[in-house]
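Just follow the structure's listing: the first ligand is 1, and inside any ligand the first atom is 1.
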Amino acid sequence: MERPTETTASAIIELKAVGKSFRSGSGSARPVLDNVDLTLRAGEIVALLGRSGSGKSTLLRIMAGLIGSDSGQVLYKGLPLYGTARDISMVFQSFALFPWLTVQQNVELGMEARGIPAEERERRATQAIEMIGLSGFEGALPRELSGGMRQRVGIARALVLEPEILLMDEAFSALDVLTGERLRDDILDLWESGQIPTKAMLVVSHNIEEAVMMADRVLIFASDPGCIRYELAVNLPRPRDVESEAVRALVDDIYGQLTAGETRRGGRASDAPPKLRLGDRLPEADVTRMEGLLEILTLEPYLGRADLPHLADATELTDDELLHVSSALSLLGFAQVVGGDILITELGQRYVAGNNTLRQTLFGQQILAHIPLVAYIRHGLEQDPSGDLHENLFLKLLRFTLSEAEAERVLKVAIEWGRYGEVYEYDYTSGVIRLPEEDLLQAEGETAP
Ligand code: ADP
Ligand code: MG
């Protein structure tokens with residue numbers, strides 16, 4: 001079912017073994033992309049899915065020639081890409097319009113930079129504005145437009161350059177669901193009807209359904225460092241029916257892939273959660289959401305097992321949020337994620353049935369066993385004569401493998417989880433982490449089965 005991945009004559013962009021590193025918070029090089037092979041061929045829409053921070057935007061910026069790669073090759077029509085490619089346009093999540101320019105002026109901007117004469121600029125802008133459904137708003141300023149209309153201006157600005165390749169970086173995710181869907185369908189219409197000269201599109205998305213509705217191929221990106229882990233062909237004619245069995249099955253399959261362990265490269269990932277290392281990222285899931293999801297899982301209609309896409313609808317969590325919560329539950333052994341379904345474990349059942357004290361004890365026990373950072377903090381506190389340590393100590397450690405902002409996010413999660421599990425306490429004003437006054441956890445841990 002999968003298409004051949006080797007180079008074909010119709011390849012427009014080819015990335016070969018592309019690698020990229022950024023500086024970590026501590027100044028050492030941190031690999032963000034590793035050995036990425038990706039070919040975009042004429043006539044196809046490819047969707048790229050992956051967790052935030054996995055390097056998708058970086059990859060797009062490399063493809064657009066906005067930044068260089070450290071290793072590997074980027075070929076545009078068979079030739080190395082130097083600098084920005086004029087036939088490649090990018091649409092960003094944030095609207096990035098100039099607030100003091102009208103819609104017409106915003107759309108004309110890129111053409112001006114390319115030395116296209118004023119008359120042609122005007123003609124083409126008017127046409128692009130009409131095509132994207134904004135006729136009558138040529139003279140409006142961005143602040144007079146809704147979010148959806150502003151994003152249409154951003155798209156018109158990209159389309160007016162008649163790019164061969166359109167790279168869309170979460171172009172719909174800042175919009176409300178309906179607006180995003182409408183805009184997506186309009187772009188698909190333009191594409192299907194041949195009204196735009198664009199030969200290929202790469203769409204980065206957070207939304208699994210969106211990827212399945214749009215793309216001919218869906219690529220799943222693994223993180224740390226980013227690489228393509230799984231590829232799935234969507235051989236369905238467009239427009240696609242979102243409720244159809246074929247679409248639902250693909251959404252399910254992708255959910256399964258995204259939630260599966262990220263450790264194995266190449267073939268299908270395993271269903272077991274990856275074993276974490278000390279400097280790894282943690283899923284951003286707060287305890288309340290984890291508890292809530294576990295409780296819902298035990299209720300009708302799920303009774304212990306739920307289809308993740310179904311659960312996303314029922315809980316009104318976004319795909320990304322749900323993936324974080326389910327990955328946290330699976331890391332901690334409260335649930336298992338198998339092929340797009342989530343199953344509560346025996347331990348998860350005990351958790352839900354337990355009172356607050358039992359819940360906290362179980363939680364503390366599991367994070368100590370499965371989250372190396374939590375165990376490391378706890379161990380450090382036990383070794384320290386005063387029993388308290390400043391958070392900066394741990395931030396410094398995390399900065400070896402993570403960026404500044406990520407180190408902070410990861411420590412915040414570890415602190416929140418540790419506080420709830422009574423593994424340690426945290427003083428928000430001073431930033432000091434300390435052992436709990438009464439070490440209940442240890443005493444209970446000894447008698448627990
Ligand atoms: P995604 O788009 O998948 O969310 P990004 O490509 O934006 O991921 O980022 C991947 C990683 O690279 C992140 O850890 C991010 O912090 C880091 N990163 C991105 N741009 C830079 C930069 N200019 N300098 C340092 N780190 C960066
Ligand atoms: Mg991004």
Can you list, by chain and residue number, the protein N, O or S atoms under 2.8 Å from the Mg ion (ligand 2)? Ser57 OG
Under a 3.5 Å cutoff, is there a donor and acceptor pairing between the side chains of Asp319 and Tyr255? yes
Pairs flagged by side-chain hydrogen bond (donor to acceptor under 3.5 Å, both in side chains) wherever residues 240-249 is involved - sequence neighbours left out: Glu209-Arg248
Counting only N and O atoms by type, is there a donor-acceptor contact under 3.5 Å from the side chain of Asp34 to the main-chain atoms of Gly19? no
With no hydrogens and no angle check, is any side-chain donor or acceptor of Asp216 less than 3.5 Å from a backbone partner on Glu44? no
Shortest non-hydrogen contact from Arg51 to Leu258? NH2-O, 3.0 Å
Residue contacts for ligand 1, heavy atom to ligand atom, distance under 4.0 Å: Phe22, Arg30, Val32, Arg51, Ser52, Gly53, Ser54, Gly55, Lys56, Ser57, Thr58, Ser403, Glu406
Quick check on Phe98: does its CZ atom have over 12 non-hydrogen neighbours (other residues, nucleotides or ligands) under 6.0 Å away? no
Of all the heavy-atom pairs spanning Phe394 and Leu411, show the shortest one and how long it is. CB-CD1, 3.8 Å
Heavy-atom closest pair (Leu188 atom, Met213 atom, distance to 0.1 Å) is CD1-O, 3.9 Å
Just to verify, what does Asp320 make a side-chain contact (heavy atoms from CB on, under 4.5 Å) with, not counting sequence neighbours? Ser52, His206, Thr318, His324
